[in-house]
Structure formats: C-alpha cells, structure tokens
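What you see is a predicted model, and the numbers here were worked out from it, not measured in a lab.
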Amino acid sequence: MHESLVVAGKEFRDGLRNRWVLAITLVFALLAIALAWFGAAVSGEVGFTRVSTTIASLASLAVFLIPLIALMLAYDSIVGEDESGTLLLLLTYPLSRTGLLAGKFMGHAAIMGLSTLLGFGIAGLVIVVFDPEATLGALAGPFSLFIGSAILLGWSFLALSYLISAAAREKARAAGMALMVWFLFVLVYDLTLLGILVGTEGQVNESLFRVLLMVNPTDIFRLINLTGFEQVAEASGMLAIATSEDHSVAGLIALLGLWVIAPLALAIAVFRRRRT
C-alpha cells in the first residue's frame with residue numbers, strides 16, 4: 001500500500017507540474033459560471049436562475065466534459081509507459097503490477113477530484129456572492145450532491161481509461177479507443193435509446209428502459225442530479241421515464257461507484273496478464 005501511495009504522489013505532482021489541475025479547474029469554473037449565468041438566455045433573460053435549472057444545466061455540461069477529460073488524462077498511463085520503455089523499468093522495482101496501476105489511478109483520481117471540487121465549488125461561491133436570491137443553505141445540498149456525483153463520474157471514466165491503456169498495444173490506438181468510448185457512452189447510447197422511444201411511439205417497457213439507463217454511467221449521473229427536482233425531471237426528455245418513480249439517491253450513487261470499481265478491477269486483471 002505504501003508503494004502505491006508513492007506512485008500516486010508522483011502522478012499527482014506530475015499533474016501539478018503539467019498544469020492539469022489548474023487547467024481542469026479553470027475550465028470547470030469558467031464554463032459552469034457562464035452556463036449558470038446565460039442558462040436562461042433563450043428566454044431573453046440573463047442571470048442566475050433557480051437552483052434546479054442551474055443543476056440541470058451543469059449536469060448536462062458535466063456529462064459531455066468530465067468523461068472526455070478523464071479519458072484524455074489517463075489513456076496513455078500504461079501503454080505510454082510501455083512505448084517509452086519506462087514500464088519495464090518500473091516493473092523491476094519492488095512493486096506489484098496491481099500496486100503500480102492502483103497508485104497511478106489514485107494519483108489521477110486525486111487530480112480529477114480536486115479539480116472538480118475546486119472548479120464547481122468556485123462556481124457555487126460565485127453564484128452565492130452575485131445572486132442576491134441565492135443562499136448558501138439553498139445551494140449547499142444540491143451542489144454537494146452534484147460535485148460528489150461529478151467526481152464519481154470522472155473516476156468511472158478514469159477506470160475505463162485505465163482498462164483501455166492496459167489492453168492497448170499502441171498509444172495512438174489507445175487514444176482512438178478512448179474517443180470511441182466517449183462517443184459511445186455520451187452520444188450514441190442516448191441517441192439509440194431515443195430512437196427506440198420514437199420508433200415504438202413511446203410504447204416501451206418502462207422497467208426494461210430503466211435497466212438500459214442504469215448501464216450507462218452518464219445517465220446514472222444525470223438521474224442522481226434530477227432526483228428531487230420534479231419540474232426539471234418532467235422536462236428532461238426520456239429521463240422522465242426513469243424519474244417517474246422515486247429512486248434512491250444512495251442506490252444510484254452506489255451503482256455509479258460500481259462503475260468505478262468494476263472497470264478498474266478488470267484493468268488490473270488485464271494488466272497482470274500483459275506482456276511487456
């Protein structure tokens with residue numbers, strides 16, 4: 001465990017030196033503030049809107065941005081070391097493959113977690129300061145849930161990125177696979193479900209549809225942040241089917257956490273069988 005923490009510390013320091021933490025934090029903060037301020041521009045108004053609308057807008061932003069950043073952050077963690085020749089050197093140290101991958105993941109997870117917390121946390125504080133109708137008490141609960149679930153979403157795609165990196169033999173191929181995973185989970189999957197809804201004219205088994213939503217971490221993330229906001233849920237398109245019944249937020253969070261554990265465990269299994 002100590003060796004894994006040493007590797008994690010090195011990865012985190014590399015992230016600080018390479019300005020990853022600063023860059024991700026600024027991207028999250030600036031885009032979140034802009035989206036919260038201009039979210040009602042289509043209605044001819046600008047300014048911060050009610051909490052439910054702000055959270056729904058930020059969730060839509062996070063679904064596109066966080067998975068892409070997580071995948072790009074770690075897609076070359078294993079295959080990149082292999083191509084540069086440093087992986088073989090690392091494996092000569094008294095450090096297991098499991099410990100090496102776990103340490104690298106923890107370092108990148110710390111980068112994603114800190115950047116998400118600072119970026120969206122800064123956005124929340126700006127809303128409280130500049131919106132006279134917003135109070136810290138009203139924003140604390142929804143924003144804490146949003147930030148926590150956003151961190152889990154980032155970690156789930158980090159785990160998928162490590163699975164890709166452990167399985168790929170070339171860095172360029174790993175990058176292509178990472179973009180394909182992002183495209184599949186963020187764009188294609190929901191468009192396919194929407195096509196099913198349109199094709200069946202809404203006559204689809206709701207239980208089956210809920211199950212299909214639960215196998216996509218981005219949809220789980222959105223469900224977590226729509227639960228409890230009835231007006232937003234009703235306007236959320238096909239997600240309204242899943243929100244028509246009460247969902248346990250704790251259960252959804254646990255399911256999103258499983259999307260971190262399962263791909264990471266599979267990545268470790270693949271890496272242990274990888275030949276260098």
Side-chain angles (χ1 to χ4, degrees), residues 21-43 45-73 111-158 182 185-187 190 213 216-240 242-243 247 249 252-253 256-257 259:
V21 174
L22 178 61
I24 298 173
T25 298
L26 289 177
V27 167
F28 285 165
L30 294 176
L31 289 180
I33 293 170
L35 190 62
W37 180 260
F38 294 106
V42 292
S43 62
E45 299 177 358
V46 292
F48 298 118
T49 57
R50 60 182 182 271
V51 176
S52 58
T53 304
T54 300
I55 293 296
S57 299
L58 292 178
S60 298
L61 169 70
V63 160
F64 285 92
L65 197 57
I66 290 178
L68 182 61
I69 290 176
L71 288 166
M72 292 297 99
L73 180 63
I111 292 172
M112 281 298 302
L114 180 61
S115 300
T116 304
L117 177 62
L118 290 177
F120 290 122
I122 290 171
L125 291 176
V126 169
I127 293 174
V128 170
V129 171
F130 290 97
D131 185 3
E133 297 182 2
T135 63
L136 185 60
L139 284 176
F143 250 81
S144 296
L145 179 62
F146 168 74
I147 292 174
S149 58
I151 291 173
L152 279 178
L153 178 66
W155 288 353
S156 68
F157 278 89
L158 266 180
W182 178 84
F185 278 103
V186 175
L187 297 177
D190 282 349
L213 287 175
N216 187 342
T218 62
D219 287 331
I220 298 171
F221 167 76
R222 281 188 286 192
L223 282 172
I224 290 173
N225 290 283
L226 290 178
T227 300
F229 295 123
E230 182 177 352
Q231 292 178 340
V232 178
E234 291 175 354
S236 61
M238 65 182 182
L239 288 180
T243 54
H247 283 277
V249 174
L252 291 172
I253 290 175
L256 190 55
W259 266 101

query = Rounded to the nearest 0.5 Å, how far apart are CG of L223 and OG1 of T218?
reply = 9.5 Å
inquiry  = Quick check: do P67 and L153 have side-chain heavy atoms less than 4.5 Å from each other?
reply    = yes
inquiry  = With rounding to the nearest 0.5 angstrom, report the OG to CG distance, S57 to N225.
reply    = 11.5 Å
query = Quick one: CZ on R222 to CG on N216, what's the gap to the nearest 0.5 Å?
reply = 7.5 Å
task = Evaluate side-chain contact (heavy atoms from CB on, under 4.5 Å) for F221 paired with L252, printing each intermediate quantity in order.
result = CA-CA 8 Å; F221 167 76; L252 291 172; over 6 Å; no
request  = Could you grab the distance from atom CD1 of I24 to atom CG of L118, nearest 0.5 Å is fine?
outcome  = 11.0 Å
query = Is there side-chain contact between I224 and F146, with at least one heavy-atom pair below 4.5 Å?
reply = no
key: Over all atoms of both residues, closest heavy-atom pair of A70 and G154   = CB-O, 3.4 Å
query = Closest heavy-atom contact between S115 and T25?
reply = CA-OG1, 3.3 Å
message = Tell me whether W259 contacts the main-chain N or O of W155 through its side chain, where contact means a donor paired with an acceptor under 3.5 Å.
response = no
ask   = If you round to the nearest 0.5 Å, how far is CD1 of I111 from CG of L158?
value = 9.0 Å
query = Parallel, tilted or perpendicular: which fits the ring planes of F185 and F157, with parallel below 30° and perpendicular above 60°?
reply = perpendicular
task = Decide yes or no on side-chain contact (heavy atoms from CB on, under 4.5 Å) for I66 and F28, but give the supporting numbers first.
result = CA-CA 9 Å; I66 290 178; F28 285 165; 3.6 Å; yes
note = So CG of L152 and CG of L256: to nearest 0.5 Å the spacing works out to 5.0 Å
